[in-house]
Amino acid sequence: MNDILQNLAQVLEERKNAEPASSYVAGLYNKGLDAILKKIGEEATETVMAAKDGNKQQIVHETADLWFHCMVLLAQQGLGPEDVMQELSRRFGLSGIEEKAGRNKT
């Protein structure tokens, strides 16, 4: 599973140097952070709506779109899936209550 995320991260990095007209992702990068955030918001809403409808195929489709656009954001910010995986690994074994309380101390 991580191979897919790493491969996608590599492609997203490459798109940073592409002409905006040549690639959807290059176009998003060119439009800037607000455009990327808007897409994440749209995809999050579509994911919620698919879940409310109970359409499993649509839930998967919209979640893939959401993850994709979150990966675009990570790349735009100089981050990658390994940063998120490291954070998830750090949280593994902690209750949500403990993890959230720990965030308030830093």
Side-chain angles (χ1 to χ4, degrees):
M1 181 173 7
N2 284 345
D3 288 346
I4 293 169
L5 295 178
Q6 289 300 330
N7 290 341
L8 177 56
Q10 182 177 346
V11 170
L12 295 176
E13 277 300 312
E14 292 167 3
R15 295 296 190 268
K16 287 180 177 180
N17 300 315
E19 288 295 319
S22 71
S23 155
Y24 170 75
V25 172
L28 270 180
Y29 287 145
N30 187 59
K31 291 176 186 173
L33 180 60
D34 286 348
I36 296 168
L37 297 175
K38 182 178 178 184
K39 282 305 296 180
I40 291 173
E42 289 172 9
E43 299 303 344
T45 299
E46 291 171 2
T47 302
V48 168
M49 291 169 47
K52 292 286 281 180
D53 290 343
N55 183 330
K56 291 184 181 195
Q57 183 177 0
Q58 197 64 23
I59 293 167
V60 169
H61 177 85
E62 297 301 343
T63 300
D65 286 348
L66 178 58
W67 286 14
F68 175 84
H69 287 90
C70 287
M71 293 277 297
V72 172
L73 171 65
L74 289 171
Q76 192 264 351
Q77 294 289 310
L79 299 166
E82 66 280 356
D83 297 297
V84 176
M85 297 304 252
Q86 184 177 9
E87 176 61 14
L88 289 172
S89 178
R90 183 191 70 78
R91 294 180 186 188
F92 196 81
L94 290 177
S95 78
I97 295 169
E98 291 172 321
E99 194 283 323
K100 198 164 191 175
R103 277 192 257 166
N104 294 332
K105 293 177 183 174
T106 56

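Below, each value reflects all heavy atoms present in this structure, side chains not excepted, and no hydrogens, waters or symmetry copies.
When each of Glu13, Glu14, Glu19 is paired with Lys16, the salt bridge (charged side-chain N to carboxylate O under 4.0 Å, His left out) condition holds for Glu13 and for no other.
Here the closest non-hydrogen pair linking Leu28 and Ile36 is O-CG1, 4.1 Å.
No more than 12 heavy-atom neighbours from other residues, nucleotides or ligands sit within 6.0 angstrom of CG on Asp34. Heavy-atom neighbours of Lys38 NZ from other residues, nucleotides or ligands within 6.0 Å: at or below the threshold of 12.
The distance from the CD atom of Gln10 to the CZ atom of Arg15 is 10.5 Å, given to the nearest 0.5 Å. Put simply, NE2 on His69 and CG on Leu37 are 11.5 Å apart, with the number rounded to the nearest 0.5 Å.
Between the Thr45 side chain and the Gly41 main chain, a donor and an acceptor come within less than 3.5 Å of each other. Side-chain atoms of Asn7 come within 3.5 Å of backbone N or O of Asp3 as a donor-acceptor pair. Using modelled atom types, one side-chain atom of Tyr29 and one backbone atom of Leu12 make a donor-acceptor pair closer than 3.5 Å. Within the 3.5 Å criterion, the main-chain N or O of Cys70 finds no donor-acceptor partner in the side chain of Lys39.
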Q | Step-by-step side-chain contact (heavy atoms from CB on, under 4.5 Å) determination, Gln6 to Glu82 | A | CA-CA 8 Å; Gln6 289 300 330; Glu82 66 280 356; 3.5 Å; yes

Q: Just do the side-chain contact (heavy atoms from CB on, under 4.5 Å) check on Leu33 and Leu73 with the steps written out, would you?
A: CA-CA 8 Å; Leu33 180 60; Leu73 171 65; 3.6 Å; yes

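If you chain together hydrophobic residues whose side chains sit under 4.5 Å apart, Met49 and Ile40 never meet in one group.
Residues passing the side chain to side chain donor-acceptor pair (under 3.5 Å) test with Gln77, sequence neighbours excluded: none.
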Only pairs under 3.5 Å count here: list side-chain donor-acceptor contacts from residues 52-60, not counting sequence neighbours, and write none if there are none.
unit_1 : atom_1 : unit_2 : atom_2 : d
Asn55  : OD1    : Gln57  : N      : 3.2
Asn55  : OD1    : Gln58  : N      : 3.0
Gln58  : NE2    : Glu62  : OE2    : 2.8

